[in-house]
Amino acid sequence: QVQLVESGGGLVQAGDSLRLSCVSSGRTFSNVGMGWFRQVPGKERDFVAAITFNGGRTQYTDSVKGRFTISRDNAKNTLYLQMNSLKPEDTAVYYCAAGRGPFIQTTDRGFDSWGQGTQVTVSS
C-alpha cells in the first residue's frame with residue numbers, strides 16, 4: 001500500500017499559478033505511474049493528468065493542456081502538478097493517485113491509492 005500526502009492548494013485569483021505536491025511513502029514510488037484527479041461537490045472525480053513511472057510520457061485532459069504540467073522526482077518520491085493561467089472552473093479538490101502499474105492510466109480503476117486531497121479555489 002502507498003501513502004500519499006498532497007499539499008500546495010490555496011485560494012488564488014484567475015490567471016495566477018499554483019504548484020501542487022504529492023509525497024509518497026510505502027511502495028516503491030519509481031515503479032508506478034501516477035496521476036492527478038479533481039472533484040467538485042456533487043460531481044464525479046475527473047482525470048486531470050498522468051505520468052509514467054519514469055516520467056517519459058504524460059497525458060492531460062483537454063481543458064488543462066498547455067496550462068498544467070505534471071512531473072515527478074523519483075529521488076524525492078514526489079509528484080508535482082504545476083498549474084498556470086488558472087481559471088475559476090479549475091476550482092476543485094485535487095487528488096494524487098498511485099497507479100496499479102508503471103504506465104499511463106486515466107480512469108479511477110487504474111489507481112489503487114489516493115491522497116486526502118487539497119483544495120484549490122480560483123476567484124474571478
Side-chain angles (χ1 to χ4, degrees):
Q1 193 71 5
V2 176
Q3 290 76 47
L4 303 170
V5 179
E6 303 100 332
S7 62
L11 172 62
V12 297
Q13 294 186 332
D16 285 350
S17 298
L18 277 176
R19 187 176 80 157
L20 305 184
S21 298
C22 172
V23 178
S24 172
S25 61
R27 190 200 314 167
T28 304
F29 178 77
S30 59
N31 288 347
V32 298
M34 298 291 294
W36 287 99
F37 286 72
R38 63 187 179 187
Q39 188 173 27
V40 298
K43 294 189 176 182
E44 293 185 352
R45 189 161 50 191
D46 291 331
F47 168 76
V48 176
I51 190 168
T52 53
F53 71 105
N54 62 355
R57 182 173 168 244
T58 59
Q59 188 167 333
Y60 300 91
T61 192
D62 286 346
S63 62
V64 308
K65 285 180 182 177
R67 300 188 299 122
F68 289 13
T69 302
I70 187 172
S71 63
R72 65 190 298 160
D73 185 339
N74 285 348
K76 296 181 178 180
N77 288 350
T78 303
L79 177 73
Y80 301 101
L81 185 68
Q82 178 67 43
M83 306 185 294
N84 298 331
S85 303
L86 282 161
K87 305 176 180 180
E89 51 264 43
D90 294 318
T91 296
V93 177
Y94 283 72
Y95 298 90
C96 73
R100 298 182 184 276
F103 303 118
I104 294 284
Q105 299 288 343
T106 61
T107 65
D108 280 18
R109 289 170 295 179
F111 298 86
D112 60 6
S113 297
W114 297 83
Q116 83 288 350
T118 185
Q119 177 71 47
V120 172
T121 304
V122 185
S123 64
S124 58

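Atoms considered below: every heavy atom in the structure, side chains included; atoms not considered: hydrogens, waters and symmetry mates. As the structure is a computational prediction, the values presented were derived from the model and not from experiment.
- Between the side chain of S124 and the backbone N or O of P88 there is no donor-acceptor pair closer than 3.5 Å.
- The two residues Y95 and Q116 come nearest to each other via the heavy atoms CE2-O, 3.6 Å.
- With respect to the salt-bridge test (charged N to carboxylate O, under 4.0 angstrom), the residues K87 and D90 do not qualify.
- Scored by the ring pair (Phe, Tyr, Trp, His ring centres under 6.0 Å) test, Y94 finds no partners at all (sequence neighbours excluded).
- Going from atom OG of S71 over to atom CG of L81 covers 8.5 Å, rounded to the nearest 0.5 Å.
- Residues V122 and M83 are not in side-chain contact: their nearest non-hydrogen atoms beyond the backbone lie 4.5 Å or more apart.
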Please table the atom pairs, donor to acceptor, closer than 3.5 Å between any side-chain atom in residues 99-114 and protein atoms at least two apart or in another chain.
residue	atom	partner	partner atom	Å
R100	NE	R109	O	2.7
D112	OD1	R27	NH2	2.9
D112	OD2	R27	NH2	3.0

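- F68 places a side-chain heavy atom less than 4.5 Å from the side chain of L86.
- Looking at F29 and M34, their side chains come closer than 4.5 Å, going by heavy atoms from C-beta outward.
- Between atom CG of residue L20 and atom CD of residue Q82 there is a gap of 9.0 Å, rounded to the nearest 0.5 Å.
- Taking all atoms of both residues into account, the shortest heavy-atom contact from V93 to Q119 is CG2-OE1, 3.2 Å.
- Within the model, atoms CG of L4 and CG of N77 stand 10.5 Å from one another, a figure rounded to the nearest 0.5 Å.
- Rounded to the nearest 0.5 angstrom, I51 CD1 and Q59 CD are separated by 12.0 Å.
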